[in-house]
Undergrad: 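Just dropping this structure here.
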Amino acid sequence: MNSLDWAVLIGYFGVMVAIGVWSHRRVDDVSDFFTAGGRMPWWLSGISHHMSGYSAVMFTGYAGIAYQYGVTSYVTWSFPIAVGIAIGAQLFAGRLNRLRSRLGVASPLEYLKSRYNLPTQQALAWSGVLLKIVDVGAKWAAIATLLSVFTGLSLHQGILITGVITGVYCTVGGLWADALTELGQFVIQLLAGVAMLVTVLGKLGGVSALWTVWDELPDTHARPTVGPYTLTFLLAYLFIKTFEYSGGMWNQAQRFMATRSARQARRSARLSAALWFVWPAVLFFPMWTAPLLVTAHKPDASDAYALLTERLLPHGLLGLVIVGFFSHTMAMCSSDANAISAVFTRDIAPALSARARGWSHRAGLLAARLSTVAFLGLSMAIATQVNSPTFKDIITVVIKWVAGLVGPISIPFLLGLLRLFRRSGPTAALVSWAAGLFAFWLTNYGLDDVQLQLQIAAPVATSLLLFVLIGFLRPEDTPERDAVLARINDPDARRPPLRPRVPCQPPRG
């Protein structure tokens, strides 16, 4: 990097902070901070949903997969996510919006107290928070790894720089700042991604390289499934990502909650699905052709994309692509921080403290900002350990830990929205959650030589089976729970005012 690249990078950071400061004026209470007051346009929600779904891990871990295996990186990753979000647009997006517009909640998990009970809400809240600390830690480590390639900064220095800047804008501006910075980041990513694609095509002989380059690459590069990424893995990933990206990742649920209506939430989800279907293919093509242009130094080839940009791009464009790396990670991490802050402020703290149940709007907003800072600090501390023997490497955390653990957390949360599962109550939710976590431990650490697809699919499949089976054998539906489901599912139910003033105390059982 030279001074021009540094100017682009520093200018980007400055714009992100400025957006956060500007968004501060739109935040009056926790409803604004966590759900944008229910006033976010569907197109902004859709772009924000898309941008908050992936990070610089794409340019490290998944770039390594693309370098080694080719198009399977798209077929077994972004394609199933696109399909999963399209399914979620029909099943979950509108219902998640009604949590805010009908029940007046500001956190995705607030409704669980009345849908199940307080212990269920707390079990899902605590386990989800702990998982996200590890997940976001992996994202910080990924972007710090890239930063070290270009600048020579240490891993710890890179984590500190990106974490502090992200913390400034998402803490002061809440979900509005997240969404608006993600819109800016999307534009930057678009410019950087197209610049990289055009540069690579020029290096390989022009547009015709889109279809002729495959003759020069290994035969396996054109196969949709190869190596450990088999058809079974693809189906397992589709199964998991349908839950994860349809709201099982709470930051994704917030985007649907923030729109004005259930209809707009569904439009938002469809836009995100379309972006996931098209845009990753543009980003992946240079990674697929990277073996013809550079030689990766790391065993997992996670440095391939960074080496490619250093070799091919002139200064200025190099800085823009590096900014694109940051835009992914900062989008995901800031949105996760906001979601975790919502869960802590609205779900965990009121259960632990009588004082928290009586917070004023001002006190609740302060608690939201402080918990955002605390989450970012903890995840940054975890990031410094992501390559330790406990976590092994970045891609292990992302694929195994997140994909394996999000299922047991999201099954009771998302299926609890549907009338079809009205018989599944607190027992079904807690048993399915606990059994799913045990299945994760068993397949990842208790048994040897377990296939990757089984490690990923077993926890969510176990949770789903037990959630349905226990609901059938031990139904716990009550008139009160049925009333909650009616308000979530009935499209003709009477609507409250557009922007309810959300009290800090969660609704009572």
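We use all heavy atoms of the structure for the numbers below, so side chains are in, but hydrogens, waters and symmetry mates are not.
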Undergrad: How about L183 and W43: do any of their side-chain heavy atoms sit closer than 4.5 Å?
TA: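 A side-chain contact under 4.5 Å exists here.
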Undergrad: Apply side chain to side chain contact (heavy atoms under 4.5 Å, CB included) to F256 and L99, showing your working.
TA: CA-CA 10 Å; F256 301 141; L99 293 182; over 6 Å; no
Undergrad: With no hydrogens and no angle check, is any side-chain donor or acceptor of R98 less than 3.5 Å from a backbone partner on I488?
TA: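 At least one qualifying donor-acceptor pair exists.
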Undergrad: Are side-chain heavy atoms of T372 and F344 found at a separation under 4.5 Å?
TA: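 They are not in side-chain contact.
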Undergrad: Does S432 reach the main-chain N or O of A429 with its side chain, forming a donor-acceptor pair under 3.5 Å?
TA: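 Answer holds: yes.
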Undergrad: With rounding to the nearest 0.5 angstrom, report the CD to CZ distance, Q252 to R255.
TA: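 One finds 7.0 Å between CD of Q252 and CZ of R255.
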Undergrad: When rounded to the nearest 0.5 angstrom, what distance separates CD1 in I133 from CD1 in I340?
TA: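 With rounding to 0.5 Å, CD1 (I133) is 7.5 Å from CD1 (I340).
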Undergrad: Looking only at atom types and distance, does a side-chain atom of Y62 sit under 3.5 Å from a main-chain N or O of W77, one as donor and one as acceptor?
TA: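 No; judged by distance alone, with no hydrogens or angles, the pair does not exist.
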Undergrad: Step by step, work out the side chain to side chain contact (heavy atoms under 4.5 Å, CB included) result for L415 and L464.
TA: CA-CA 9 Å; L415 295 189; L464 176 62; 3.4 Å; yes
Undergrad: To check you understand the geometry: which heavy-atom pair defines the closest contact between L112 and L124, and what is its length?
TA: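 Heavy atoms only, the tightest pair is CD1-CD1, 3.5 Å.
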Undergrad: Which atom pair, heavy atoms only, marks the closest approach of Q121 to L109?
TA: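 For Q121 versus L109, the nearest heavy atoms are NE2-O, 3.5 Å.
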Undergrad: Measure the shortest side-chain to side-chain distance between Q254 and S48 over non-hydrogen atoms and say whether it is less than 4.5 angstrom.
TA: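 Sidechains of S48 and Q254: no contact.
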Undergrad: Quick one: are P426 and P119 in side-chain contact, heavy atoms under 4.5 Å?
TA: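 With C-beta onward as the side chain, the pair stays apart.
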Undergrad: Answer with yes or no whether the side chains of Q264 and S45 bring together a donor and an acceptor at under 3.5 Å.
TA: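 Side-chain D/A pair, S45 to Q264: absent.
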Undergrad: With rounding to the nearest 0.5 Å, note down the distance linking CH2 in W250 to CG in D347.
TA: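 If we round to the nearest 0.5 Å, W250:CH2 and D347:CG are 8.0 Å apart.
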Undergrad: Using side-chain heavy atoms (C-beta onward) and a distance below 4.5 Å, is V484 in contact with R102?
TA: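 No. Closest side-chain heavy atoms not under 4.5 Å.
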Undergrad: For V75 and F79, work out which heavy atoms get closest and say how close.
TA: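 Shortest heavy-atom separation between V75 and F79 comes out as O-CB, 3.7 Å.
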Undergrad: To check you understand the geometry: which heavy-atom pair defines the closest contact between R100 and M257, and what is its length?
TA: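 Shortest heavy-atom contact: NE-O, 2.5 Å.
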Undergrad: Give the ring-plane orientation class for F284 versus Y74, where under 30° counts as parallel, over 60° as perpendicular and anything between as tilted.
TA: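 Perpendicular, since the angle between the ring planes exceeds 60°.
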Undergrad: Can you measure from CZ (R419) to CG (N489) and round to the nearest 0.5 angstrom?
TA: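 If we round to the nearest 0.5 Å, R419:CZ and N489:CG are 4.5 Å apart.
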Undergrad: Fit a plane to each ring of Y229 and F233, take the angle between them on a 0 to 90° scale, and name the class: parallel (under 30°), tilted (30 to 60°) or perpendicular (over 60°).
TA: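 Y229 and F233: perpendicular rings.
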Undergrad: How far does OG of S268 sit from CZ of R263, to the nearest 0.5 angstrom?
TA: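 Between S268 OG and R263 CZ, I get 13.0 Å after rounding to 0.5 Å.
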Undergrad: Looking at every non-hydrogen atom in both residues, tell me the closest pair between F413 and P108 and how far apart they are.
TA: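 Closest approach of F413 to P108, heavy atoms only: CE1-O, 3.2 Å.
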Undergrad: What closest approach, in Å, do A82 and F277 show between heavy atoms, and which atom pair accounts for it?
TA: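 Distance-wise, the nearest heavy atoms are CB-N, 3.7 Å.
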Undergrad: Could you check whether any side-chain N or O of E476 sits under 3.5 Å from a backbone N or O of T427, counting only pairs where one atom can act as donor and the other as acceptor?
TA: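 Yes, because the side chain of E476 sits within donor-acceptor range (under 3.5 Å) of the backbone of T427.
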Undergrad: Taking the side chain as every heavy atom from C-beta outward, state whether Y245 and I87 have any atom pair closer than 4.5 Å.
TA: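 No, their side chains stay 4.5 Å or more apart.
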Undergrad: Can you find a pair of side-chain heavy atoms, one from R39 and one from R260, that are under 4.5 Å apart?
TA: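 R39 vs R260: side chains touch.
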Undergrad: Just how far is it from atom CZ of F186 to atom CG of L191, taken to the nearest 0.5 Å?
TA: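 Here the rounded value is 10.0 Å.
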Undergrad: Where do M51 and L275 land on the side chain to side chain contact (heavy atoms under 4.5 Å, CB included) test, with the steps shown first?
TA: CA-CA 9 Å; M51 284 297 295; L275 290 172; over 6 Å; no
Undergrad: Which class fits the ring pair F92 and F243: parallel under 30°, tilted 30 to 60°, perpendicular over 60°?
TA: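 Taking F243 first and then F92, their aromatic rings sit tilted (interplane angle of 30° to 60°).
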Undergrad: Are V187 and L190 packed together at the side-chain level, in the sense that at least one heavy-atom pair is separated by less than 4.5 angstrom?
TA: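 They are not in side-chain contact.
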Undergrad: Taking the side chain from T443 and the backbone from A439, do they hold a donor-acceptor pair closer than 3.5 Å?
TA: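 Present.
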Undergrad: Show your reasoning for whether side chain to side chain contact (heavy atoms under 4.5 Å, CB included) applies to R115 and E110.
TA: CA-CA 9 Å; R115 173 60 179 87; E110 276 189 79; over 6 Å; no
